[in-house]
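Have a look at the structure below before the remarks.
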Amino acid sequence: MREHSILIVHPDRKTQRLVQRILGVTGYRVDIADELEQAIQLMEQQAPLLVVVDGTIALSPEADAFFTLASTKGTEACMTLLAPDAGDHVPRILGLGAVTNLLVHQMPVLAEELTITAHKLIHRDLFGVEKYLLWGTELHTHTLTRASQRAHIVQQLAEAVRARGQSARVASMAMLVADELISNAVHNAPVDDAGAHYRKDVPRDVEIELDGKHAVTLRWGCDARYLAIEVGDQFGTLDRETILRSLAKNDVRESGAGAGMGISLSYRSSDHLVFNLAPGKRTEIIALIDVRYPPAERTPVSSYNVFVERT
Amino acid sequence: MQIQPANGQLELSGSIDETSGLLDLLGRAQSNFLALDLAGITFINSLGVRDWIRMQAAATKSGIQIELRRAAEVIIHQLNMIIATRGTARVTSFFAPYACDACGREDSLLVDAVTHAAELAKLQPPAMVCPECGSQMAFNDFPERYFSFLSPG
């Protein structure tokens, strides 16, 4: 039977205490290691549900053995934390292709990101933008039944965001994220029985009926902390490797072309991007845009989580 | 996207997306020069970005000099994120985010990149006065990030 524990691997005592305090509310035992050797010893005695690792440690050559052991032990997720001055490490972390949960924000945002992630894993309940918004936040739902509705719905979203007092910058980020995620769900998600993505090369301005399983859902809401945008499809074809490759995509800066650009642009246009995957059943992507802070006070890099539903 | 010719330039407004046909704009260059006023652009998606890069590449290949005037913040974000979108175009003015500490107003203000070239090269945002209360406004982004499009790729 699984030990009800969480393991923190971080060299800084203050951060250890902070993360321990945040994750202690789950009721799980929280173990702490200063470095990887100690963490591996702890890991050999038990199987923590969740592991939280310092970004610098995650980049060390010895981390491979640790992540492999965590995977063998059935750890649901390894979260990586980055210090505020370590934003330059993000491309390297993305380049590893193994970090499924990167949290870059400081308190109080870190506490929100950590607890929601932990609760999703503990309760095995991954889906739904509600988990990221305050109680009572009104959610607006649009179901696309034709591809041509994308432009109208995206425009409607921007106008509604502006009408609720948000800045043009926030509205423009929301437009970009919603447009790219809907476009991906309409054109890249559908596969036939042989696994071929049959709508991938259909020009984006060609009308397509989105009947039955092809329908795409957009939900959004704002709780004065976040503008949250959720886009879902019913194919569940997006996988962890494609996501990590897209997030790391260097050619977004260099050429701007190629598949996966939509995910990469969405990541760079939001503060936190969450992927909820139920393979073969559904994919849900949630983008959070922090509306509390002006650009100059926001962390220049973004957090992300990739959750995969266990069958 | 709407296109309006005015004062020797093309004023573009609305969304740059898969329907924009930016390459066609090159046919409207005069004496190998094309000035685009981008103040009215509200949105550009990944397919618009791809089209934009193709337009820039074609302009460079055929020796057409593109000048970007009053580039909206959404354009600047793309120029900063995707180096290839810069091409060989020259940006003469652009909008930038400012905030007023005194009254809380946030605004997108026009910066003359030619007049302020020396300051911008040192990543120093030009001083701006709040149009509402007259106080000094503060630049509302990270200068090293927002002005990166001005440095060579």
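Note that the coordinates shown come from a computational prediction; the quantities given were computed from them, not determined experimentally. To find a chain, count down the sequence lines: A is the first, B the second, and so on, and within it residues start at 1.
- By a heavy-atom distance cut of under 4.5 Å, not one residue of residues 115-138 of chain B is near chain A.
- Against chain B, the residues from residues 170-183 of chain A that qualify, each with a non-hydrogen atom under 4.5 angstrom away, are A:Ser172, A:Met175, A:Leu176, A:Asp179, A:Glu180 in number order.
- Within the structure, the ring pair (Phe, Tyr, Trp, His ring centres under 6.0 Å) test picks out the following pairs touching residues 43-87 of chain B (sequence neighbours left out): B:His77-B:Tyr146.
- Within residues 139-162 of chain A, the residues having any heavy atom less than 4.5 Å from a heavy atom of chain B are, in residue-number order, A:Arg150.
- Atom CD of B:Gln30 sits in a sparse spot, with 12 or fewer heavy atoms from other residues, nucleotides or ligands closer than 6.0 Å.
- At a threshold of 4.5 Å between non-hydrogen side-chain atoms, the residues A:Leu265 and B:Ile82 count as touching.
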